[in-house]
Amino acid sequence: MCTMIVEQADISGSGKGPKGWFRVDRVNVMFDHPFNLPEDHALSIDFVDASAGPGARVAVELTAESGRELVKALLAAIERGERELGEVAAAS
Amino acid sequence: MHEYTTDQYEGMIAETVTITGDNGDPIHTYLARPLGAGPYPGVVMIHHIPGWDEFNREMARRFAHHGFIAICPNLYERDGHGTPEDVAAAVRAAGGVADSQVIADVEGAKAYLDGLPYFNGKAGLIGTCSGGRHTYLVACSSDQFDAAVDCWGGRVIMGEDEINEKMPVAPIDLTENLSIPLLGIFGNDDVSPTAAQVDEHEEVLKQHGKDYEFHRYEGAGHGFFYHHTAMYRPEATMDAYQHIFEFYGKHLT
């Protein structure tokens with residue numbers, strides 16, 4: 001089905017597309033038909049520069065379970081990075 | 001359904017043209033037609049949510065091969081240009097296009113057909129996925145068409161939480177206005193529309209005494225025409241196309 005399920009967030013970062021790196025300012029997270037993944041439905045995650053037209057997009061398509069694993073990995077990396085960098089800052 | 005024999009000349013032209021859509025906007029449109037003086041019936045194709053893509057172009061050429069003028073407007077024209085996937089992703093993130101804009105764009109495609117000297121004056125509608133929903137919406141909202149084919153249009157029946165500014169009315173609530181024959185093509189394993197929703201749709205059509213026929217396929221889900229995906233079901237697809245060509249042959253010629 002066309003679920004039209006979309007969650008969006010403003011972000012600050014860079015993404016690498018076919019023409020190299022560009023700034024990204026929004027992430028669109030959808031649960032709908034994937035374009036490429038051979039699943040009826042999947043997570044589509046698009047990192048975009050909202051002001052630069054449809055082509056300014058770094059896209060991934062993931063199964064729902066992969067999305068959950070991604071969330072765990074993201075949070076673990078952020079927590080570890082903030083903790084370790086915090087320890088370095090406290091020691092210096 | 002036009003059947004070619006091996007001794008016949010056959011030719012078609014398929015190209016991008018520009019029509020006038022909603023608000024007078026110029027819209028790129030794919031047009032495929034048989035070569036010849038005609039007159040040929042027309043089919044306005046309403047593309048699916050993955051965009052104005054290769055599948056729709058292939059389908060248009062299929063209709064041209066079978067003796068129809070197929071015309072498929074780019075409903076995402078206002079949302080920028082790029083690969084069909086990139087444009088469709090942007091439109092999806094923005095919540096789709098407005099129903100009122102789609103209706104006017106599709107009527108613009110019909111107006112383009114009306115100006116063609118090889119058009120016989122009768123036009124059908126067809127759409128898959130979101131285009132199936134749009135097909136039903138246009139069929140219930142416009143007096144410009146002669147037959148409609150809804151291929152697994154989801155959200156013809158909508159919950160209150162699905163109604164929004166772009167989609168202010170559930171198409172099922174417009175059924176009373178349907179004045180042309182309807183052909184419905186559905187996979188019983190689909191989740192939108194579910195088999196129960198297709199049952200409900202059929203019941204509403206019966207209540208209003210509408211001219212319709214539904215064909216429903218076991219072992220098929222959503223998008224079973226899409227030969228480039230795992231959803232493809234060849235036997236169901238070929239049977240459905242046979243029904244479509246017979247339906248259009250009956251109502252557009």
Side-chain angles (χ1 to χ4, degrees), chain A residues 1-67 70-71 74, chain B residues 47-51 53-55 76-97 127-134 152-158 161-162 164 166-167 186-187 189-194 197 220-224 226 228-232:
Chain A
M1 70 175 287
C2 311
T3 66
M4 303 301 288
I5 296 170
V6 182
E7 298 288 338
Q8 295 179 309
D10 293 332
I11 59 171
S12 177
S14 291
K16 192 171 186 182
K19 295 178 182 173
W21 289 96
F22 61 96
R23 293 291 179 194
V24 294
D25 58 14
R26 182 182 301 161
V27 61
N28 300 318
V29 182
M30 295 158 278
F31 195 87
D32 212 322
H33 299 309
F35 287 105
N36 184 264
L37 194 68
E39 301 281 342
D40 282 354
H41 297 93
L43 275 174
S44 296
I45 306 173
D46 290 349
F47 299 94
V48 304
D49 177 350
S51 64
R57 177 172 83 112
V58 178
V60 293
E61 293 179 341
L62 303 173
T63 63
E65 187 53 36
S66 299
L70 173 64
V71 169
L74 284 171
Chain B
H47 68 73
H48 53 180
I49 199 134
D53 64 3
E54 184 171 341
F55 171 78
Y76 300 166
E77 184 79 16
R78 291 89 170 172
D79 298 280
H81 291 291
T83 68
E85 282 188 10
D86 285 346
V87 175
V91 171
R92 193 156 66 177
V97 290
T128 64
C129 183
S130 60
R133 176 183 176 276
H134 287 146
W152 57 91
R155 284 177 298 142
V156 168
I157 297 169
M158 300 172 70
D161 58 335
E162 294 178 301
N164 58 43
K166 289 181 176 177
M167 295 182 284
F186 305 98
D189 295 339
D190 203 339
V191 293
S192 181
T194 62
Q197 286 174 324
H222 198 77
F224 62 86
Y226 300 161
H228 55 298
T229 75
M231 298 184 282
Y232 184 44

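Order of the sequence lines fixes the chain letters, A, B, ..., with proteins taken first and strands second; residue numbering starts at 1 for each chain.
When Gly80(B), Ala89(B), Gly51(B) are compared by the number of non-hydrogen pairs under 4.5 Å with chain A, Ala89(B) comes out ahead. Ranking Ala230(B), Gly221(B), Ala93(B) against chain A, the residue ahead of the rest is Ala93(B), based on heavy-atom pairs under 4.5 Å.
Residues passing the side chain to side chain contact (heavy atoms under 4.5 Å, CB included) test with Gln197(B) are Ile157(B), Pro193(B), Thr194(B), sequence neighbours excluded.
Minimum interatomic distance between Phe35(A) and Pro50(B) (heavy atoms only, all atoms of both residues): CE2-O, 3.6 Å.
With a 4.5 angstrom heavy-atom cutoff, Asp53(B) does not touch chain A via any of its atoms. Of the two parts of Ser130(B), the backbone and the side chain both hold a non-hydrogen atom closer than 4.5 Å to a non-hydrogen atom of chain A. Residue contact with chain A, scored on non-hydrogen atoms closer than 4.5 Å, involves the backbone of His81(B) exclusively.
Along residues 9-17 of chain A, no residue comes nearer than 4.5 angstrom to chain B, judged on non-hydrogen atoms. Using a 4.5 Å cut-off between non-hydrogen atoms, the part of residues 20-30 of chain A that approaches chain B consists of Asn28(A), Met30(A).
Counting only residues at least two apart or in different chains, salt bridge (charged side-chain N to carboxylate O under 4.0 Å, His left out) contacts with residues 45-55 of chain A comprise Asp46(A)-Arg57(A).
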Stepwise ring pair (Phe, Tyr, Trp, His ring centres under 6.0 Å) check, His33(A) with His222(B): CA-CA 10 Å; His33(A) 299 309; His222(B) 198 77; 4.8 Å; yes

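Between Arg155(B) and Met4(A) the shortest side-chain heavy-atom distance falls below 4.5 Å.
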